[in-house]
Amino acid sequence: MNDWTIILRSLRARLFSTVTTAALVAIAVALMLVLLMMRDAAQQAFRRGGGDMHLLVSADQSSMVSFLNGVLYANPPRAPIPWARYQQLRQSLPLGDNGYAIPTQMGDSFLGQPVLATDTEFFSKLRPNPGEAWVFTHGKAFDGDFQVVLGAQAARATGLKLGHKIVLTHGAGESAEHDHDHDEFKYEVVGILAPTGGPHDRALFTSLQSTWIIHAQDRREREAEGKHVETSAADLTDADRKVTGVYVRLATRGDSDAPANLPQVFDMLRKDSSIMVASPSDEARRLLVMVGNIDIVFRAMAGVVLVSSAISIMIALYNSMEQRRRQIAVLRVLGCSRPRIFGLVLTESAVLGVLGAAAGLVISLIGVQSVVLLMKAKFGLVVHPTLTPDAAIIVAGAAVALAALAGLVPAVMAYATPVAKNLKPLA
Amino acid sequence: MTDTLKLREESGAKPPALSVRGLRFRYVGAVDTPPDAWTIDLPTLDVAQREQVLLTGGSGIGKSTLLHLIAGLVDPAEGTVLVDGTNIHALSGAPRDRFRGSAIGMIFQTFNLLSGFSALENVLAALMFSSVPRGKHHELAEATLSRLGITRLHAAPEELSVGQQQRVAVARAVVCRPALVLADEPTASLDPENAEHAMDLIQSVCRELGAALVCVSHDPAMSARFERREKLGSLVSTAATSATSAATVAGGSR
């Protein structure tokens, strides 16, 4: 028999109140932790967007637009870069053996999923996540025209399988008026990628030349005044060959990810007013700062729930004090001092916080795994939420501290309980 | 009697179990008491070690208040209360609570057992705040309950009969081997037969354990059980001029 026995008996005597108040704390803690974990996961997903590229070159109007369009597939970039300019750029960059300058073109779609036209270096050199190569769950990368590879989420959303033949829509689906299908060109699904957790998961990938041929077909039909023409790679002109972005990774030494000459290359490219150069990692950071206010709102909401749960602890203990005055008086008669009574109530309140925080921790871990599975099953999104010990300690500590604080008023009531008055026989 | 239940050790000349001098108390703001009158005005009361005293008096005369003053639960306006030689009101806060837990046992009319705690835990609660070494708590509590005929140690108070609850309350009062047991109308909730048994138990246990007993009651049937009886009306002056009206009653009528 010790102080803990008294505290646990008291909690047990009001089991319903104990469970409900601890549950409130648990929900608040779980909500806060899930928010923190999902925020971190979202930040990782943003950062993953650029894969291992150092720079993104486009003809967009700003670096942020370039990042949003060229990496996150927000909209198809409107301004193209001529193929000749791309080749010139490629020659001028210090790519070495392990760098790359992968040309990309966007503008087509399939059932609302964006299509990225690129070359085979996209699969052989670009890493969707640092240190991780592309993984094919089915098939392989395209090695010819009119072949398509599906991102994991795109495959799930469209239901396409290997060998399926599809027709792409010219336009990204944002304007039905200008979108049209190229029925004469059928693409065969030759590969399906494993999830990467990045924006490429929802894209379809095909060769640049396929896209150029489709667009050349449009041009040639216009030139033939609507008459049907057949278009092949031989019909392509320099005007047909264009890209909307270039994914650049400079040569690196050993395990280093940031080459020393990156700032100089960045400045050099920036001087060319015909192109826009962006650092995907910097843009991801800027984007996170911009959406940071939403994050603050979420955290504030979780904080309000936490404070509400602390108030509910105070009310529960406050109400119980009326019933416990006699018990407190008897404990005082038995030799329990006022400070010890004060400490017992305060500890009881903190125990509610500890129980709630522990339950909240478990709920958050189970909950976040459920969210991960749900997001993967429903949307094909792969997120990797992790709970840092710091976050867990801070949130759980705040819950316990708030709970203890909530116990102050009932503890003062207990401290001030008049003994003689509460020993009188009940009427 | 087992070693565990041995008498309080006698070492040389012991002070009285209770010694009251010039004790005066009035409730602050009491509307039915004249501003210059005392609720309690007790010039002298001595109770020797192991002595058993019955304090009688009508309702509202201040019997329970006197016990609360003796236990240090309320402070007097004037006077001293020495329990086993210690001026309880000279102690402050936690030391006074600790002293009360160790030197005084209290038995109440409605038992005041802690609900949600077993019979054993009710008795252990008394030891918890005393100076008895922790290692002896269980042994002492079980032996005391056993001596009082309680075998269902882990039963909750509400699972016990009224008589058994009273015995648990008695066990809790005496388990720390106090010098003084204060019993406040201990039989008022019991029928005559159970009241008889309860008083037999309280008096015999106090004798066995060497504790003095001060019992307050307005039950006339209790008088025959005590060799020393004090009528509180003759001890306590409710008159304004109480300083001169109350007689010294130490060693009074028996």
Side-chain angles (χ1 to χ4, degrees), chain A residues 1-19 316-317 319-348 351-352 410-412 414-427, chain B residues 25 27 64-69 71-75 91-118 120-132 134 137-138 141 156 169 172-173 175-176 178 182 184-185 188-189:
Chain A
M1 179 89 176
N2 53 34
D3 287 15
W4 290 109
T5 316
I6 295 175
I7 290 165
L8 294 178
R9 289 288 184 279
S10 173
L11 290 171
R12 198 177 68 178
R14 298 173 292 106
L15 195 58
F16 181 75
S17 167
T18 299
V19 170
L317 287 177
N319 289 337
S320 77
M321 278 307 135
E322 284 305 317
Q323 302 155 11
R324 293 163 65 187
R325 284 187 187 282
R326 179 171 291 267
Q327 187 194 63
I328 290 166
V330 172
L331 289 174
R332 290 291 315 286
V333 165
L334 296 178
C336 186
S337 66
R338 281 177 193 270
R340 198 157 170 183
I341 289 282
F342 181 87
L344 283 170
V345 177
L346 212 59
T347 309
E348 186 177 324
V351 165
L352 278 171
V412 169
Y415 182 92
T417 295
V419 180
K421 186 179 160 191
N422 286 287
L423 289 173
K424 285 180 183 167
L426 295 169
Chain B
F25 173 82
Y27 285 108
S64 295
T65 303
L66 178 59
L67 293 192
H68 293 159
L69 280 162
L73 295 172
V74 286
D75 287 323
L91 299 172
S92 63
R96 187 195 293 188
D97 294 320
R98 239 189 334 270
F99 175 74
R100 179 173 53 249
S102 297
I104 301 172
M106 285 191 84
I107 301 168
F108 307 95
Q109 177 185 332
T110 50
F111 316 146
N112 279 335
L113 294 177
L114 298 167
S115 68
F117 292 75
S118 67
L120 179 63
E121 286 170 339
N122 262 281
V123 178
L124 285 169
L127 288 160
M128 194 180 142
F129 304 112
S130 72
S131 52
V132 176
R134 184 169 290 277
H137 286 189
H138 262 270
R172 187 176 68 182
V175 72
C176 297
L182 304 173
D184 188 358
E185 304 279 6
S189 302

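Chain identifiers are assigned alphabetically (A, B, ...) following the order of the sequence lines, protein sequences preceding nucleic acid strands; residue numbering begins at 1 within each chain.
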(request) Using a cut-off of under 4.5 Å on heavy-atom pairs, state which of B/R134, B/R98, B/H137 scores highest against chain A. (result) B/R134
(message) Less than 4.5 Å to any heavy atom of chain B: does that hold for the side chain of A/V330, its backbone, both, or neither?
(response) side chain
(request) Give the minimum heavy-atom separation between B/H68 and A/L423, together with the two atoms involved. (result) NE2-CD1, 4.0 Å
(request) Side chain from CB out, backbone as N, CA, C, O: work out which of these in A/R338 comes under 4.5 Å of a heavy atom of chain B, or both, or neither. (result) backbone
(request) Specify which of B/S130, B/P95, B/A71, B/G101 makes the most heavy-atom pairs with chain A at under 4.5 Å. (result) B/G101
(message) At a 4.5 Å cut-off on heavy atoms, which part of A/A13 comes close to chain B: side chain, backbone, both, or neither?
(response) neither
(message) With a 4.5 angstrom heavy-atom cut-off, is it the side chain or the backbone of B/R96 that approaches chain A, or both, or neither?
(response) neither
(request) Using non-hydrogen atoms and a 4.5 Å limit, figure out which bit of B/L73 sits close to chain A: side chain, backbone, both or neither. (result) side chain
(message) With a 4.5 angstrom heavy-atom cut-off, is it the side chain or the backbone of B/E121 that approaches chain A, or both, or neither?
(response) both
(message) Under a 4.5 Å cutoff for heavy-atom pairs, which residue among B/L124, B/N112, B/L113 has the most contacts with chain A?
(response) B/N112
(request) Identify the heavy atoms of B/L114 and A/Q327 that sit nearest to each other, and give their distance. (result) CD2-CG, 3.4 Å
(request) Enter the distance from A/R324:CZ to B/S115:OG here, rounded to the nearest 0.5 Å. (result) 10.0 Å
(request) Heavy-atom distances under 4.5 Å only: say whether B/A126 touches chain A with side chain, backbone, both or neither. (result) both
(message) When you compare the side chain of B/M128 with that of A/L334, does any pair of heavy atoms fall below 4.5 Å?
(response) no
(request) Work out which heavy atom in A/I6 is nearest to a heavy atom in B/F129; give both atom names and the distance. (result) CD1-CZ, 4.0 Å
(message) Quick check: closest heavy atoms across A/M1 and B/A125, and the distance to 0.1 Å?
(response) CE-CB, 3.7 Å
(request) Tell me, out of A/S337, A/A420, A/P339, A/C336, who's got the most heavy-atom pairs with chain B below 4.5 Å. (result) A/C336
